[in-house]
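A quick write-up on the structure given underneath.
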Amino acid sequence: MDGTWSLSLARPPRILAMDPSSLQGANGVERFRIKDMWCLNLYDGDGLLTIDGRAYAFARGSASITAPGIDHEYRYRRPTRIVWTHFRPAAEAVASSIPVMQDLGGEYPRFRGALVHAAAEREPGRTQARVWDLLWELVERSAPSRPATGLVARARQLISTRLAEPLRPGAIAAELGVSHTHLNRRFRAEVGCPIGAWIRSQRLERARHLLRFSTKSISVIAREVGIPDIHFFNKSMRGYAGMPPRSVRRDG
């Protein structure tokens with residue numbers, strides 16, 4: 001492995017367990033092999049995580065992602081508080097690259113508070129949405145180092161990590177080294193619609209999920225999915241979901 005995982009985040013993950021204040025490392029060394037769950041850890045102390053013979057140092061403010069079916073060894077210098085969640089990604093062909101270990105720096109208190117808040121949510125869908133947002137932030141903090149293969153897969157990966165930004169099909173095609181016409185043709189063949197329609201559907205599907213399962217304001221959600229004009233966002237959601245954003249939030 002090269003220090004990253006390929007993780008599918010096109011749809012919200014299923015949250016299987018969470019602990020907002022787990023004390024780990026009382027015995028110094030802990031070993032795990034979790035069969036079918038991924039894990040996100042936020043650390044309040046320091047030590048060493050070893051996966052498949054490769055060591056990753058962590059300290060207060062670090063975040064790690066571990067994958068299922070692989071042996072993990074944690075060596076702690078002292079008992080350490082960890083906020084963690086176990087999750088299972090949706091089955092999707094397109095995956096994003098996410099680092100095994102990241103230093104969150106000054107963003108750590110916000111990340112930690114958000115994950116603790118997610119664990120306290122009574123509505124499972126809200127917990128799911130909050131964790132999904134945090135995972136996307138971890139993806140977006142670092143440049144992908146393991147790109148998806150296949151032209152449409154690479155385009156979909158690019159789109160999924162840049163929804164908040166202006167996305168022009170011609171610019172995406174140029175970045176991928178093909179013509180706009182060719183990229184559209186490939187999208188029609190593989191997903192049944194042109195790339196522009198795919199971008200719109202991804203923006204609005206993510207917005208619908210955030211409206212239903214997050215507490216973010218409608219204007220914040222609109223910006224996060226790349227439709228900052230609130231009037232156009234309202235019109236687009238009506239066309240996509242058959243109701244305005246406030247009704248989506250209220251009625252789903």
Side-chain angles (χ1 to χ4, degrees), residues 3-9 11-52 54-91 96 98-142 209-210 212-216:
T4 64
W5 303 113
S6 289
L7 179 61
S8 172
L9 291 174
R11 299 180 186 275
R14 180 183 176 190
I15 308 304
L16 302 171
M18 300 188 74
D19 192 328
S21 184
S22 175
L23 183 64
Q24 303 288 338
N27 297 320
V29 179
E30 297 178 355
R31 297 179 177 87
F32 296 94
R33 184 183 181 91
I34 302 175
K35 182 179 179 181
D36 59 354
M37 294 183 290
W38 291 73
C39 185
L40 164 62
N41 287 332
L42 301 182
Y43 301 90
D44 274 348
D46 54 358
L48 200 67
L49 167 61
T50 301
I51 305 174
D52 197 26
R54 180 165 178 172
Y56 302 86
F58 60 83
R60 186 179 189 279
S62 296
S64 73
I65 298 287
T66 57
I70 300 176
D71 291 327
H72 304 84
E73 180 186 87
Y74 297 85
R75 291 184 177 270
Y76 298 92
R77 294 186 179 178
R78 60 186 64 83
T80 296
R81 291 287 176 188
I82 294 177
V83 184
W84 59 261
T85 180
H86 289 163
F87 63 95
R88 185 175 298 136
S96 299
I98 190 167
V100 173
M101 189 73 69
Q102 290 191 56
D103 178 6
L104 300 179
E107 288 290 287
Y108 176 69
R110 180 178 65 81
F111 267 80
R112 189 183 191 284
L115 199 56
V116 169
H117 194 173
E121 288 280 9
R122 296 183 179 181
E123 168 56 54
R126 292 185 184 275
T127 299
Q128 183 184 46
R130 290 183 183 278
V131 173
W132 192 33
D133 275 351
L134 290 177
L135 291 171
W136 269 118
E137 285 199 56
L138 292 174
V139 167
E140 291 163 359
R141 283 175 59 87
S142 60
H209 185 85
L210 291 172
R212 293 180 61 197
F213 299 120
S214 82
T215 56
K216 295 178 180 180

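We count residues from 1, following the sequence as given.
Between P12 and A90, the closest heavy-atom pair is O-CB, 4.3 Å. Residues P13 and F87 come closest through the heavy atom pair CB-CD1, 3.8 Å. Closest approach of P89 and L7 over heavy atoms only: CG-CD1, 3.3 Å.
In this structure, the side chains of W38 and T85 stay at 4.5 Å or more apart for every pair of heavy atoms. Within the 4.5 Å cutoff, the side chain of P79 has no heavy atoms near those of the Q24 side chain. A 4.5 Å side-chain heavy-atom check between M101 and L49 finds at least one atom pair inside the cut-off. For the pair D52/D71, no side-chain contact is recorded, criterion being any heavy-atom separation below 4.5 Å from C-beta on. Side-chain atoms of R78 and D46, non-hydrogen and from C-beta on, do get closer than 4.5 Å to each other. Between P68 and K35, the closest side-chain pair of non-hydrogen atoms is not below 4.5 Å. Counting only heavy atoms from C-beta outward, the side chains of S21 and R81 approach each other to under 4.5 Å. Contact of the T66 side chain with the I51 side chain is registered, since non-hydrogen atoms from C-beta on lie closer than 4.5 Å.
S96 contributes atom OG, which lies 15.5 Å from atom CH2 of W5 (distance to the nearest 0.5 angstrom). With rounding to the nearest 0.5 angstrom, the CG atom of D36 is 7.5 Å from the CG atom of L16. Between the NE2 atom of H209 and the CH2 atom of W132 there is a distance of 5.5 Å, given to the nearest 0.5 Å. Once rounded to the nearest 0.5 Å, the distance linking NE2 of H72 with OG of S64 reads 8.0 Å. Rounding to the nearest 0.5 angstrom, the gap separating the CE atom in M18 from the CH2 atom in W84 is 9.0 Å. Q128 contributes atom CD, which lies 11.5 Å from atom CZ of R11 (distance to the nearest 0.5 angstrom).
Formation of a donor-acceptor pair under 3.5 Å by the E30 side chain with backbone atoms of G25 is found in this model. Between the side chain of E123 and the main chain of G125, a donor-acceptor pair closer than 3.5 Å is present. A distance-only check finds no donor-acceptor pair linking the side chain of S22 to the backbone of D19 [under 3.5 Å].
By the 6.0 Å contact criterion, CZ on R77 is open, its count of non-hydrogen atoms from other residues, nucleotides or ligands being 12 or less. Surrounding CZ of R14 are at most 12 heavy atoms belonging to other residues, nucleotides or ligands under 6.0 Å away.
For Y76 and F58, the ring centers are positioned less than 6.0 Å apart.
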Any chance you could lay out the side-chain contact (heavy atoms from CB on, under 4.5 Å) test for E137 and L135, step after step, and finish with the verdict? CA-CA 5 Å; E137 285 199 56; L135 291 171; over 6 Å; no
side-chain hydrogen bond (donor to acceptor under 3.5 Å, both in side chains), that's the test. Do T50 and R75 meet it? Break it down for me. CA-CA 8 Å; T50 301; R75 291 184 177 270; 5.9 Å; no
side-chain contact (heavy atoms from CB on, under 4.5 Å), that's the test. Do L138 and L40 meet it? Break it down for me. CA-CA 10 Å; L138 292 174; L40 164 62; 3.7 Å; yes
Dump the intermediate steps for side-chain contact (heavy atoms from CB on, under 4.5 Å) on S214 and R130, then the final yes or no. CA-CA 7 Å; S214 82; R130 290 183 183 278; 5.8 Å; no
Between L134 and L115, is a side-chain contact (heavy atoms from CB on, under 4.5 Å) present by the stated rule, with each step listed? CA-CA 8 Å; L134 290 177; L115 199 56; 3.8 Å; yes
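For the 3.5 Å distance criterion, the side chains of Y43 and T80 fail to qualify, holding no donor opposite an acceptor. Y74 and N41 form a side-chain donor-acceptor contact under 3.5 Å, judged by distance and modelled atom types alone. Side-chain contact, T127 with R122: no donor N or O sits under 3.5 Å from an acceptor N or O.
Checked against R60 for a side chain to side chain contact (heavy atoms under 4.5 Å, CB included), the options L104, D103, D44 give a single hit: D44.
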